[in-house]
Amino acid sequence: MKTQIKNKSETGEGPALLSLKRKWPDKLRVIFRSVIKVKGALWGGIFVLLMILSAIGAQWISPYGPNAQDIVNRFAGPSIKHLLGTDYLGRDILSRIIYGSRIAVIVAFGAVSLSSIVGVFLGVMGGYNEGKKIDYFIIWLFDIVRSFPQIILALAIVAVMGPSLFNVVLALAFTAFPFYGRVARAQTLSVKEADYVKAAEAMGLKPLTIILRHITPNILAPVIVCLGMDMATMIIWVSGLSFLGLGVRPPTASWGTMLRNGYKYIQTSVWMLLWPALAIAVAMIAFSLFSEGLRIALDPKEWER
Amino acid sequence: MSEPLLEVSNLTLNYNLGSRKIRALDKVSFSLNRGEVLGVAGESGCGKSTLGLAIIRLLPRVAEIKRGEIIFEGTDLLKLSEEQMDRNIRGRKVTMIFQNPQNALNPVFRIETQMMDILRIQNKHKLSGTRKRRRDFKQEAIERLKVTGIADPEARISNYPFEFSGGMKQRVMIGMALSSGTSLLLADEATTSLDVTIEAQINRLITDLASQYGTSVLYISHNLGVLSEVADHIMIMYAGRVFEMGRTDDVFGSPRHPYSAALLKSLPGRRTRRNRLLSISGFVPPLDRLPPGCSFHPRCHFAKEMCRQKQTPPLIEVSKGHWSACLLDQKRGRQKWQWI
Amino acid sequence: MAVDLIQIKNLKAYFFQGKGILSKIFGQGLKIIHAVDGINLNIKKGRTFGLVGESGSGKSTLGNTIFRLVEPLEGEILFQGSDVVKMNQTELRKFRQKAQLIFQDQFGCLNPRMSSGQIIAEPLMMHHGQQKSQQEIAQDVADLLRAVNLDPEASVKFPHELSGGQARRIGVARAIALNPDFIVADEPTSGLDISTAATILNLMQDLQEKMDITYLWISHNMNQVRYMSDDMAVMYLGKVVETGPTGEVFDQRAHPYTRALISAVPQVFPGKKKETIFLEGEIPSPINPPSGCRFRTRCPQVFKRCEEEEPPLIDLGGEHFCACHLHDR
């Protein structure tokens, strides 16, 4: 009685037709076209790319080493020899900013990805199991961490674990994950009521598949927006920690330590303060814009056909 | 009784979306008499909602009216300034009710507050008499709720919107819409989100208003059944044009346009089971890429060569008070639209 | 000939409101929403069973309860002899292969981040993922798309690129992917234009004939239920007030609610003015349903007994039942 709907397809069907989704090169082109329509996102992307490139290729592009001293030209203003001037030890500021981007990139990407992955995972878990014990436990964890002022918590962690780059990343990630967790959990609560999640349940999919395939991709948009803002915050914090002497140890070049050193001479040599501050500001804006581009790239609805 | 209240002639309207120009309304002409209900039917994207918004001039900024007039009580609404529209027309002589009553009421204010706000605005520009007081406004609000059939209005008026059901909210919206001078009510899918028994109540309320107070109603709906019960006249739209217009019994009883006939045939009405419904092939064409000739011809079962080539067919009075825009019908005399 | 595919016996599903600590402190107490309150239905194999009722009648909850998306409080759902309510996770997964759900919101039931092809392939992957290659599954998806009259190239499109009718077809294709015996269609044409709705109705009928599917057709549209279904039930506030063969129910209209509901359905009858029975008032809240007969607060023929005792389903002969004291003599 039961006829299967099969073998109806005519022969000669080229296998090229039988794809479930768009081919990658085609898809990439579509995504790229959509992202560059938002001008800011394009610029943000370019600056982020520049930062990453300068972090990777610091030794080749910077005119001097980060700690090479030109004692004669201490406190120099911008000149042909030192494009952005030199600091109190006669070190080239441009080179130090380029080397400093390493720290910024490592911390921003490291701390943000760590905290967002952990936060989103816990948030989705909690949201999906709303009202169960595990949810209460996760909320409780978020609340405990969030009840400490973030910078003080980070300070305490670094102070206990010792000042090193790795510990700074860890400490910053630890203070930030409840933030992502909260966002992810709230989104999950609304997405899990969507009909397509119910449809997946009615289909008999396992909870993990539902979480990974149906819930997580659909809660990411606000998380990504937070991500961009947070990367900028992280750079400031690592600067702040370095400023307090708990971040990266001198003489390692980082924008924060440069700020700290610069502010002592603010009245005599403003360049020492101005350039690292500008670098931080540009990085902040770039990351925010970049995250907007990322959000568009991940959302099929924003793609141009 | 047949003095026209609203006369729309040759209304043509574009939406300018960047490089694309979408013709949402194309030479729409009709007239509406006092105390009558005109039903506007059509599928989504046919321009029926745009028509309602154009009359009350609440179009989005991208809309541009190219041609045409909207004569309401002797004045062309398109020539009035925004201020004049606000002062005399919108919310006073012409009011509109929308599909979702739940979105139209602010959830944090009492019904009382919201109704009295409207009343105060409606009274502000009136020249007659002294300024009304709060108590009077409240009394009037209660009166209006009573007219719209809400039981125990004195108590219910101090409730919040969430305490009202969908049908009751739509009654409140109608109550707010009806100021004493309202002569035209635009109802855009006003009962679509309601249950059938509630829908019947609201439709009775609207038709009662038309017959008792002489309010004219432009009733926009995709539900042909509702229209056939409510409306005196029917206008069928497709891709921004009027395809057929006439008295309800004429249009639904003996449709002259194949599109109207096809719509009626695709309803699962009295037809028996296992008797396939007629389905119109294809889709409503995108409005910026309309086919030449009759815009319905790619989907029309009866399309002939002339439908493809000729200019867009005009709306012609095929019998008394019955207009149709089908070339076949006009050129070859009355057609019987029979699908095999 | 007509074997029962699904038997629902005394099914109850309640929602609880105000379980939290705050409402306990402020003494609001537990609110029980009687969404589905003792339903008995028999759905015959290969037929369409229409379920009508207004919003709040519990018809959608009933559909969800059959899939245990809502856990029933008590009662039995016998599917081919085994009780869905008692199934464990493995059995439930098998059951959900044979029974499928089509949701009301044609876009809402499709994951916006998956292409149509991926959406349709998902149940196939889950159940045949081990045996079949990617290529075979892609072939199956193309066949399914053809079966619902869509171009196989539609598989690369995302839901927001589809029209309402196309999105609905994708939903149907996903539902028939695993050759189900039973499909619950919850308002499958809501939000669609007239002509699109007609094509969906035709499509679903064709599929029923081809694949021998049983439908539970949930709708508020009386015309549609009359057209589609062989048997039907009318629900009001979580209870079945009338059930029987569709023709019988429409001809006899034994329950006053059925009568009012059918008369209120707008019909295109040129020239004829039909008599509409207007029901006064609104549907009462399912939190505190009226005592006795639930319809008594709006019933035009109410009398004293309606308040005191709840009418049972009375056999009117020919598998036609009605829960009204008027028929009890």
Side-chain angles (χ1 to χ4, degrees), chain B residues 41-46 149 151 164-168 191-201 203-204 221-230 247-255 259 262-284 299, chain C residues 48 52-57 149 163-166 189-203 205-206 209 220-230 246-247 250 257 260-274 276-283 285 298:
Chain B
E43 297 182 278
S44 48
C46 71
F164 276 44
S165 68
M168 287 165 80
T191 59
T192 304
S193 59
L194 304 175
D195 280 318
V196 268
T197 57
I198 312 295
E199 182 176 45
Q201 293 173 1
N203 284 335
R204 181 175 56 169
S221 176
H222 69 281
N223 190 332
L224 301 184
V226 168
L227 289 176
S228 101
E229 304 210 329
V230 170
R247 292 196 304 117
T248 306
D249 290 353
D250 290 343
V251 174
F252 285 159
S254 50
Y259 177 63
L263 278 186
L264 290 168
K265 278 247 160 60
S266 58
L267 286 176
R270 300 236 117 183
R271 233 163 299 277
T272 47
R273 180 99 197 279
R274 310 295 175 209
N275 193 348
R276 288 175 66 89
L277 296 170
L278 177 81
S279 60
I280 308 174
S281 60
F283 302 100
V284 181
R299 305 176 70 193
Chain C
T48 302
V52 288
E54 297 178 275
S55 52
S57 63
N149 305 332
S163 70
Q166 288 170 326
T189 62
S190 78
L192 299 179
D193 277 324
I194 304 165
S195 62
T196 321
T199 59
I200 297 290
L201 293 188
N202 285 339
L203 169 71
Q205 281 198 27
D206 292 346
E209 274 163 33
H220 69 275
N221 186 334
M222 295 296 274
N223 286 337
Q224 203 179 82
V225 165
R226 173 183 223 173
Y227 174 74
M228 285 296 291
S229 64
D230 304 286
T246 305
F250 269 86
Y257 179 61
L261 201 57
I262 293 175
S263 82
V265 175
Q267 301 278 13
V268 184
F269 291 141
K272 253 186 276 171
K273 278 281 169 236
K274 68 180 171 65
T276 304
I277 304 168
F278 288 102
L279 289 179
E280 293 309 323
E282 310 272 335
I283 305 169
S285 149
R298 297 172 80 198

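Quantities reported herein were computed from a predicted structural model and do not represent experimental measurements. In what follows, every chain begins at residue 1, and chains take the letters A, B, ... in the order their sequences are listed.
Scanning for side-chain contact (heavy atoms from CB on, under 4.5 Å) contacts around C:S57 gives C:K59, C:M235, with sequence neighbours left out. Listed by chain and number, the residues in a salt bridge (Lys or Arg N to Asp or Glu O under 4.0 Å) with B:E199 amount to none (sequence neighbours excluded).
Between chain B and the options C:I200, C:N202, C:I194, the largest number of non-hydrogen pairs under 4.5 Å is found for C:N202. Note: B:T197 leads B:N203, B:V196, B:T197 in heavy-atom pairs under 4.5 Å with chain C. In terms of heavy-atom pairs under 4.5 angstrom with chain C, the leader among B:N223, B:V226, B:V251 is B:V226. For the options C:S195, C:S190, C:A197, heavy-atom pairs under 4.5 Å to chain B are most numerous at C:S195.
For the pair B:S221 (side chain) and B:L227 (backbone), a donor-acceptor distance under 3.5 Å is absent. Distance alone, capped at 3.5 Å, is enough to place a donor-acceptor pair between the B:Q201 side chain and the C:L279 backbone.
Side-chain contact check for C:I262 versus C:R226: every heavy-atom pair is 4.5 Å or farther apart.
Contacts of C:D206 with chain B are made by side-chain atoms alone, with heavy-atom separations under 4.5 Å and no backbone atom involved. Proximity to chain B (any heavy atom under 4.5 Å) is shown, for C:T246, by neither the backbone nor the side chain.
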